[in-house]
Amino acid sequence: MHEPNVVSWTSLMSGYVNMGRPQSVSWLYTKMSESEVSPNGFTLATVINSCSILADLKTGKMVHAHVHILGLQGNLVVCSSLVDMYGKCNDVDGARMVFDSMSCWNIVSWTAMIAGYAQNGKGYEALEVFREFSSYIMERPNHFMLASVINACAALGRLVSGKVTHGAVIRGGYELNEVVASALVDMYAKCGSFLYSKKVFRRIRNPSFIPYTSMIVGAAKYGLGKLSLKLFEEMTDRKVMPNDVTFVGILHACSHSGLVDEGLGLLNSMHEKHGVMPDVRHYTCVVDMLSRVGRLDEAHKLAKSTRVNPNEGALLWGALLSSSRLHGRVDIAVEASKWLIEYNQQVAGAYVTLSNTYTLAGEWENAHSLRTEMELVGVHKEPGCSWIEIKDSIYVFYAGDLSCERGDEVISLLRELERRMMERGCVGGSTGLVFVDVEQEVKEKIVGLHSERLALAFGLISIPKGVTIRVMKNLRICSDCHEAFKLISMIVERDFVVRDVNRFHHFKDGSCTCKDFW
DNA sequence: ATAGGGTTAG
């Protein structure tokens, strides 16, 4: 063309986006800026879209400035693409700023905002925006919006909201939409209803690799590794091609169900049989798989030979670290935590796990000095929490704290469960520790000492099968008792089961602090 | 010539 106009430029850019080459768009945009032709809203929306795909926030912000220079801040399509771009670049606040600055909205802009929150793990905000949409806008949500809302419910583990949204899907007639169905499969699995996942999945006609992947991951989370393998087999039999994520899912499943040979076989067949090149995520699963079953040297070797950036390495070395602790491999734990701390990844967790590894190995002084170092450096480990939704209330449980709403009921239910376990031959104590398969004498000793809220005697207690347990001296139960009991459970976990560690939070001993454990 | 949805490792 002698004189390409704005439509020619934009068409070319759009063509590159459609052909999966968004990288070329910013180059074209630069070229265009050097020409006489000035971009319009169509051009900017296309360029911004390419930034979304590439998650290129820097270019995206630059183009955002051009939006203002060209006076296009009132253009609905341009603004919606900006909301989407900021969301895809993990800048939800940026997305919200654009969204709030808009003078009119349509279902696309609302969906972009909801999806932005949902994709960034901000399920609560996503549902809040959806609620606002539902109350102000006299328009039914479409399948795009519903998929994002279901995604938000999944992230929050909100089964009831998820079911309500499923109702909206049925009313809207979107049941047969595969994207919506995939979101539902994933949501039900994450919300504790794998049975519903299966039901929704089986209604999908010719499921693609994405619903299959959701099911494989879902089954894995429920400990059904064999089912994950069966689903994988089913999909390949039906000539549905697995992608990289499918392999992350299936290796994750093998890892969590101890299916090591199957997992290794899949890793080796990935490339030649399915055309998917294994990357760091797959090796992370395999490192985890090998190390969980105690094949730490192989896992270690694989970890060292995998090139990673800090973010990827956090997961790979984190997996190795946690298994090193589990199997008492101080040498590997030291190396793994060194890596994590050096690259500033999960520092507090790395300190705690390494310290616990020392403890498991009986290296009390190393454990102690690490705790001191943590305090010196000012590293603090935030306690984790879980939550469950019952009817329309959400109950949150922090590690070591049962002073939550209806905590008393929780405690009495736990006691009832414990009583039933005892009836079935599991052994327990009134203090809440439940031991399985342990000699009566040992049990009494531990339970007895514990119930007096005193130190567990230092030394070695022999238990049958030639296993020894180390128990610490002067271990007092104090306000930070969760740590203490985590420690106990860690020491003994291979030999008997300690449950219900959190219950001891009520035993407070003002005279000691966390430091006294060590 | 332009904007929105589902799967992902400790």
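Here is how names work: the chains are called A, B, and so on, in the same order as the sequence lines, proteins then strands, and each is numbered from 1.
Between A:Phe232 and A:Phe247, the angle of the ring planes goes over 60°, which puts this pair in the perpendicular group of the 30/60° scheme. Between A:Trp339 and A:Tyr343, the angle of the ring planes lies from 30° to 60°, which puts this pair in the tilted group. Below 30°, between 30° and 60°, or above 60°: for A:His64 and A:Tyr86 the angle between ring planes is above 60°, a perpendicular geometry.
A salt bridge does not link A:Glu298 with A:Lys301: every distance from a Lys NZ or Arg NE/NH1/NH2 to an Asp or Glu carboxylate oxygen is 4.0 Å or more.
By the 4.5 Å heavy-atom criterion applied to side chains, A:Gln73 and A:Ser101 are not counted as neighbours.
If you check every strand for non-hydrogen atoms under 4.0 Å, A:Asn40 touches a base. Nucleic acid contact for A:Val248: sugar-phosphate only, since backbone atoms but no base atoms lie under 4.0 Å from a heavy atom of the residue. Heavy atoms of A:Glu178 sit under 4.0 angstrom from at least one base atom. Among the protein residues, A:Gly41 comes within range of the nucleic acid bases, having at least one heavy atom under 4.0 Å from a base atom.
Within residues 103-122 of chain A, the residues having any heavy atom closer than 4.0 Å to DNA chain B are, in order of number, A:Asn106, A:Ile107, A:Val108, A:Thr111, A:Ala115, A:Gln119. Contacts of residues 10-38 of chain A with DNA chain B (heavy atom under 4.0 Å): A:Thr10, A:Ser11, A:Ser14. Using a 4.0 Å cut-off on heavy atoms, none of the residues of residues 232-239 of chain A approach DNA chain B. Using a 4.0 Å cutoff on non-hydrogen atoms, the parts of residues 124-149 of chain A near DNA chain B are A:Asn142, A:His143, A:Phe144, A:Ala147, A:Ser148, ordered by number. Using a 4.0 Å cut-off on heavy atoms, the residues of residues 72-84 of chain A that approach DNA chain B are A:Val77, A:Ser80, A:Ser81, A:Asp84, listed by number.
A:Glu34 pairs by the salt bridge (charged side-chain N to carboxylate O under 4.0 Å, His left out) definition with A:Lys31, not counting sequence neighbours. Residues passing the salt bridge (charged side-chain N to carboxylate O under 4.0 Å, His left out) test with A:Glu139, sequence neighbours excluded: none. Take A:Arg202 and apply the salt bridge (charged side-chain N to carboxylate O under 4.0 Å, His left out) test, not counting sequence neighbours, and it matches A:Glu234. Residues satisfying the side chain to side chain contact (heavy atoms under 4.5 Å, CB included) criterion with A:Phe144, sequence neighbours excluded, are A:Thr111, A:Asn142. Residues satisfying the salt bridge (charged side-chain N to carboxylate O under 4.0 Å, His left out) test with A:Arg140, not counting sequence neighbours, are none.
Applying the 6.0 Å contact sphere to OH of A:Tyr196 captures no more than 12 heavy atoms from other residues, nucleotides or ligands. Atom CG of A:Asn344 is surrounded by 12 or fewer heavy atoms from other residues, nucleotides or ligands within 6.0 Å. Within a 6.0 Å radius of CE in A:Met62, other residues, nucleotides and ligands contribute more than 12 heavy atoms.
Once you apply a 4.0 Å limit to the heavy atoms of chain A, the touched nucleotides of DNA chain B run 5' to 3' over B:dA1 to B:dG10.
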What's the verdict on salt bridge (charged side-chain N to carboxylate O under 4.0 Å, His left out) for A:Glu233 and A:Lys230, showing C-alpha distance, side-chain angles and the deciding distance?
CA-CA 5 Å; A:Glu233 210 181 275; A:Lys230 236 177 86 185; over 6 Å; no
I'd like to know whether A:Arg96 forms a side-chain contact (heavy atoms from CB on, under 4.5 Å) with A:Val129, so could you lay out the CA-CA distance, the side-chain angles of the two residues, the decisive distance to 0.1 Å, and finally the verdict.
CA-CA 10 Å; A:Arg96 186 61 193 244; A:Val129 175; 3.6 Å; yes
Side-chain atoms of residues 203-211 of chain A: list all donor-acceptor pairs with protein atoms under 3.5 Å, sequence neighbours left out, distances to 0.1 Å.
from     : atom 1 : to       : atom 2 : distance (Å)
A:Ser208 : OG     : A:Glu178 : OE1    : 2.9
A:Ser208 : OG     : A:Glu178 : OE2    : 3.4
A:Ser208 : OG     : A:Ile210 : N      : 3.3

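Judged by distance alone, the side chain of A:His68 and the main-chain N or O of A:Ala65 form no donor-acceptor pair under 3.5 Å. With hydrogens and angles ignored, the 3.5 Å screen pairs a side-chain donor or acceptor of A:His327 with a backbone N or O of A:Arg292.
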